[in-house]
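Only one structure is covered here, and it is reproduced in the block below.
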Amino acid sequence: MDEGTDERMDEHPEERADEGTDERPDELIDEPSDERPGGQALPAFSVRARLTWRGVVQITACLILVIASVAFVASGLMRGMSAGSVLFVVLGVAGLLLFGAGLSASTGTLFSRRPVLELDATGVRRPARWPLPRRADRVLPWPEIHAMCAVRRGLAGAKRGEQDYLVFLPSAELLETARTAERAQLVALTLPDVPATAAAARWCFAVDASWTASLREVVAEVRRRHEIPVVDRRKR
């Protein structure tokens with residue numbers, strides 16, 4: 001190999017040294033964001049849930065049960081006003097109310113395309129569930145957010161039996177808990193009935209595979225708007 005080739009290879013040695021050192025995509029890195037536009041308001045960032053096979057099965061099941069409830073009512077009315085007919089009608093009406101509400105909620109949530117999480121100029125927004133109006137949204141202002149914490153807990157029915165959560169911590173005490181508590185105790189951050197961590201549980205989001213953004217992307221977007229610590233306790 002000639003000297004000219006050697007010089008070209010050694011021209012940028014630092015670039016070759018960085019090759020193959022990409023961070024693992026599952027890690028949340030607590031470092032300053034380099035994408036913050038000076039003085040410019042960032043547009044709202046919305047995370048929505050895509051339609052999944054589980055959602056399709058749920059809607060289909062509710063539809064089948066609504067049709068069965070209608071058949072119960074029709075069958076009871078056609079048989080006259082005997083005790084058995086009245087029972088059929090009552091069961092059919094109860095089924096219509098119950099499964100009709102489930103079908104309405106499932107289809108309404110699907111077609112309303114309402115976000116599950118939103119970041120805007122005011123803070124972290126948890127949109128109200130359909131059919132409640134958007135004025136019922138809950139907002140955690142940016143100045144009140146001390147940190148974010150990613151936790152993982154066992155959950156039956158979840159993929160691999162585990163569920164990831166992103167929790168926004170509204171106090172320095174909760175941040176200290178997230179940093180120092182044993183991993184098993186961190187489950188309290190996701191439980192609203194634990195008084196010591198109830199403030200965090202109100203801002204706990206179950207990270208779902210159907211989300212339109214990954215956990216890493218959500219964390220990056222938050223830190224573009226508000227530079228706060230990230231505590232990743234999913235594996236330690």
Side-chain angles (χ1 to χ4, degrees), residues 44 46-118 124-140 151-168 184 186-213 215 218:
S46 300
V47 180
R48 291 179 168 84
R50 303 185 189 91
L51 180 62
T52 62
W53 280 110
R54 176 181 290 185
V56 172
V57 169
Q58 184 179 15
I59 292 174
T60 304
C62 287
L63 180 60
I64 292 173
L65 291 170
V66 166
I67 294 173
S69 299
V70 171
F72 264 65
V73 174
S75 177
L77 294 176
M78 292 175 60
R79 292 177 179 227
M81 295 306 294
S82 64
S85 298
V86 171
L87 180 61
F88 265 62
V89 171
V90 170
L91 290 175
V93 171
L96 279 174
L97 294 175
L98 179 62
F99 304 121
L103 179 62
S104 176
S106 299
T107 55
T109 300
L110 171 63
F111 292 111
S112 70
R113 296 292 294 157
R114 190 167 293 188
V116 295
L117 168 64
E118 198 168 60
V124 176
R125 182 178 296 271
R126 185 189 285 273
R129 292 177 65 88
W130 188 90
L132 294 175
R134 286 300 303 265
R135 62 176 177 271
D137 292 359
R138 288 190 291 165
V139 180
L140 183 62
V151 299
R152 179 173 291 165
R153 54 173 283 199
L155 187 67
K159 186 177 181 180
R160 298 188 301 273
E162 294 180 321
Q163 174 69 57
D164 286 352
Y165 293 85
L166 178 62
V167 187
F168 293 91
L186 293 175
V187 173
L189 294 174
T190 68
L191 302 175
D193 55 348
V194 180
T197 57
R202 284 194 290 270
W203 295 101
C204 170
F205 295 84
V207 180
D208 197 271
S210 67
W211 278 15
T212 54
L215 175 58
V218 174

Margin query: Heavy-atom count check: over 12 atoms from other residues, nucleotides or ligands less than 6.0 Å from Arg134 CZ?
Written below: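 Atom CZ in Arg134 is crowded, with more than 12 foreign heavy atoms closer than 6.0 Å.
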When rounded to the nearest 0.5 angstrom, what is the spacing between [atom1] in [X] and [atom2] in [Y]?
| X | Y | atom1 | atom2 | value |
| --- | --- | --- | --- | --- |
| Leu166 | Cys204 | CG | SG | 8.0 Å |
| Leu91 | Leu96 | CG | CG | 11.0 Å |
| Ile67 | Leu103 | CD1 | CG | 9.5 Å |
| Leu117 | Arg125 | CG | CZ | 11.0 Å |
| Phe205 | Asp164 | CZ | CG | 15.0 Å |
| Leu63 | Phe99 | CG | CZ | 12.5 Å |

Write down the atom of [X], the atom of [Y], and the distance for their closest heavy-atom approach.
| X | Y | value |
| --- | --- | --- |
| Arg114 | Pro127 | CG-CB, 3.9 Å |
| Val47 | Val218 | CG2-CG2, 3.9 Å |
| Ser85 | Gly76 | CB-O, 3.2 Å |
| Pro133 | Ala128 | O-CB, 3.7 Å |
| Gly102 | Cys62 | C-SG, 4.0 Å |
| Pro192 | Ala198 | O-CB, 3.8 Å |

Notebook entry, point to check: Just checking, Arg152 and Tyr165: is the charged tip under 6.0 Å from the six-membered ring centre and within 45° of the axis?
Noted result: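 No; the conditions do not both hold, so Arg152 does not lie above the ring face of Tyr165.
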Check: Is the charged tip of Arg113 near the ring of Trp130: under 6.0 Å from the six-membered ring centre and within 45° of its axis?
Finding: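 Because its charged atom misses either the 6.0 Å distance or the 45° angle limit, Arg113 does not stack over Trp130.
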[Y] backbone acceptor or donor facing [X] side chain under 3.5 Å:
| X | Y | result |
| --- | --- | --- |
| Arg50 | Trp211 | yes |
| Ser75 | Ala71 | no |
| Arg129 | Ala105 | no |
| Thr107 | Ser104 | yes |

Item checked: Any side-chain donor near an acceptor of the partner, Thr190 and Arg153, under 3.5 Å ->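 Yes.
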So [Y] and [X], do their side chains get closer than 4.5 Å, heavy atoms only?
| X | Y | result |
| --- | --- | --- |
| Val73 | Val93 | yes |
| Thr197 | Leu191 | no |
| Val124 | Val139 | no |

Margin query: Angle between ring planes, Phe88 versus Phe72, binned at 30° and 60°: parallel, tilted or perpendicular?
Written below: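 Parallel, since the angle between the ring planes stays under 30°.
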Note to self: What I want to find out is whether Glu118 reaches Arg48 closely enough, with some N-O distance under 4.0 Å, to be called a salt bridge.
What the structure shows: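 The answer is no: the pair does not qualify as a salt bridge.
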